[in-house]
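Below you'll find the structure, written out as structure tokens, and then a few comments.
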Amino acid sequence: MSPHATAAPRRAFPNGVYCPVTTPFDDQGELDLANFAKQIVRIAKAGAGLVVMGTNGEANHLSDEERSSLIRTARTALDQNGFSEKPILAGTGTGSAHQTIKLCNQAKEAGADYAIVIAPGYFNFAIGKNRDAIKEFFVDVLDASPIPIMIYNFPGAASGIDLDSDILLELAEHKNCFGVKLTCGAIAKGHRIAAYTQTPAYLERHGGAFQVHPGFSEYLLPALTSRHTGCITGCGDVIPKTIVKLYKTSTAFLETGDLKLLEEARKIQDIVTFAEWAIIKGGIPGTKYALDHFVEKGLGGNSRKPIPAVDAATKESIEKNLKAAVAFENSLP
């Protein structure tokens with residue numbers, strides 16, 4: 001493991017709820033930066049953090065220039081609306097270490113504070129069972145990136161590559177690795193990583209806190225009891241205030257032991273769990289439709305093919321299954 005010095009971001013990355021912001025495209029398939037900026041500010045006002053160009057942001061559909069444009073737009077929108085302290089976590093993972101490192105440098109120049117990198121799934125047939133090759137990819141990126149890296153474990157978007165807790169803990173020893181996002185649904189994996197990285201010995205050795213985030217909010221309360229530090233959730237695009245309230249109520253219970261807070265957290269978790277399932281089933285088209293239908297027309301916008309336009313069945317499901325959650329969201333200050 002290379003003794004790379006920790007890349008020092010300007011902004012802290014606090015525990016909490018983070019939203020992978022959707023990227024709206026207009027009818028000609030071009031970036032709709034105005035609506036993107038609106039959604040950035042909306043999420044920030046809800047108290048959530050921001051992930052730009054995650055899976056929800058259709059990063060693979062973007063040119064290098066468009067990636068930088070989104071980061072610059074997000075940074076400007078935050079700074080101009082009183083959120084200059086909010087960090088930006090930018091998706092930079094690609095099929096090669098070389099291009100991923102290039103995008104990490106580009107992301108920093110555009111205004112990102114941190115990067116999130118997924119396993120290089122395209123060549124799964126060649127490297128999927130080669131543990132050393134996968135580890136070497138991440139070590140090369142961690143060594144060269146000018147901003148700290150969160151490792152993104154999402155087998156569904158990486159041709160089935162599923163990083164286990166052993167390799168993630170080895171990579172967590174790198175001083176430029178500041179966290180993991182687990183969109184594998186493995187709460188026990190997260191618990192092992194969190195328990196290991198929250199020991200005094202690790203914290204002293206690593207020089208800072210380590211983030212462990214499930215890629216969903218549908219089990220945020222159980223995840224927080226299992227030492228996770230927050231979540232990164234696409235459901236937060238639609239109901240960010242609700243998920244932030246769930247996080248705050250859950251952590252307040254864990255800090256105080258007040259069973260009334262636990263019961264309140266359970267009730268909010270019930271709302272979120274059903275809402276997230278509707279979002280998961282609807283996918284990116286459903287998420288964008290939910291924004292257009294419940295929040296503001298154009299906020300979701302179109303997607304780039306091969307992602308299809310939202311169909312009638314998905315619209316019906318979103319309208320029916322998110323109605324209660326959106327009502328609760330709108331009741332919050």
Side-chain angles (χ1 to χ4, degrees), residues 18-20 22 51 53-61 89-97 99-100 103 115-142 149-172 174 177-194 196-197 210-220 222-223 226-237 273 276-287 303 306-307:
Y18 289 79
C19 301
T22 53
V51 184
M53 299 177 307
T55 303
N56 250 22
E58 300 178 57
N60 282 357
H61 295 169
L89 175 61
T92 59
T94 67
S96 73
Q99 180 66 6
T100 299
L103 290 179
I116 182 168
V117 176
I118 195 169
Y122 185 85
F123 285 104
N124 180 40
F125 66 90
I127 66 166
K129 296 181 180 179
N130 188 333
R131 187 179 187 279
D132 291 340
I134 294 171
K135 183 178 176 182
E136 186 175 348
F137 165 84
F138 281 109
V139 170
D140 284 355
V141 173
L142 289 163
I149 299 294
M150 176 177 282
I151 296 174
Y152 183 16
N153 186 50
F154 186 7
S159 300
I161 294 176
D162 188 0
L163 306 172
D164 63 28
S165 57
D166 293 339
I167 191 170
L168 288 170
L169 286 176
E170 290 174 23
L171 292 169
H174 197 294
C177 182
F178 83 99
V180 294
K181 177 189 177 185
L182 302 174
T183 312
C184 49
I187 193 169
K189 181 188 297 185
H191 192 120
R192 285 190 293 274
I193 296 167
Y196 179 89
T197 57
F210 192 86
Q211 296 289 326
V212 181
H213 289 248
F216 308 97
S217 54
E218 62 180 356
Y219 59 92
L220 179 55
S226 279
R227 297 182 175 273
H228 293 58
T229 56
C231 68
I232 299 175
T233 170
C235 193
D237 276 307
T273 297
E276 181 111 56
W277 182 229
I279 290 293
I280 290 169
K281 290 187 292 183
I284 293 173
T287 303
S303 292
I307 294 178

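Numbers here are sequence positions counted from 1. Just so it is clear, the model here is predicted, and its values are computed rather than measured. Heavy atoms only: backbone and side chains are in, while hydrogens, waters and symmetry mates are out.
- Formation of a donor-acceptor pair under 3.5 Å by the Thr92 side chain with backbone atoms of Val117 is not found in this model.
- Other residues, nucleotides and ligands contribute only 12 or fewer heavy atoms inside 6.0 Å of the CD atom of Glu136.
- For the side chain to side chain donor-acceptor pair (under 3.5 Å) with Asn56, the qualifying choice from Thr287, Asp237, Thr233 is Asp237, the only one to do so.
- With hydrogens and angles ignored, the 3.5 Å screen pairs a side-chain donor or acceptor of Thr100 with a backbone N or O of Thr94.
- The two residues Thr229 and Gln211 come nearest to each other via the heavy atoms OG1-OE1, 2.9 Å.
- In this structure a side-chain-to-backbone donor-acceptor pair under 3.5 Å is missing from Ser217 to Leu220.
- Considering only heavy atoms from C-beta on, His228 comes within 4.5 Å of Ile187 through its side chain.
- A donor-acceptor distance shorter than 3.5 angstrom exists from the side chain of Asp164 to the backbone of Ile167, with no hydrogens or angles considered.
- Using a 4.5 Å heavy-atom threshold, the side chains of His61 and Ile307 count as touching.
- In plain terms, the two heavy atoms of Tyr152 and Phe154 that are nearest each other are OH-CD2, 3.1 Å.
- At distances below 3.5 Å, at least one donor-acceptor pair connects side-chain atoms of Lys189 with backbone N or O atoms of Leu163.
- In this structure, the side chains of Cys177 and Ile151 come closer than 4.5 Å at one or more pairs of heavy atoms.
- Taking every heavy atom of both residues into account, Glu276 and Glu218 meet most closely at OE1-N, 3.0 Å.
- No side-chain heavy atom of Asn130 sits less than 4.5 Å from a side-chain heavy atom of Ile134.
- Proximity of Cys231 to Tyr219: side-chain heavy atoms (C-beta onward) are nowhere separated by under 4.5 Å.
- Taking the side chain as every heavy atom from C-beta outward, Ile280 and Phe216 approach each other to under 4.5 Å.
- With rounding to the nearest 0.5 Å, the separation of CD1 in Ile279 from CD1 in Ile284 is 11.5 Å.
- Here the closest heavy-atom approach between residue Gly121 and residue Ile161 is recorded as CA-CD1, 4.1 Å.
- Asn124 places a side-chain N or O within donor-acceptor distance of the main-chain N or O of Ser159, the cut-off being under 3.5 Å.
- Taking the side chain as every heavy atom from C-beta outward, Pro222 and His191 never approach each other to under 4.5 Å.
- Nearest heavy-atom pair across Ile232 and Met150 is CD1-SD, 3.7 Å.
- The CG atom of Asp162 sits 5.0 Å away from atom CG of Asn153, with the distance rounded to the nearest 0.5 Å.
- Residues Ser165 and Tyr196 have side chains that never bring a donor and an acceptor to within less than 3.5 angstrom of each other.
- The shortest heavy-atom contact between Met53 and Ala90 is CE-CB, 4.1 Å.
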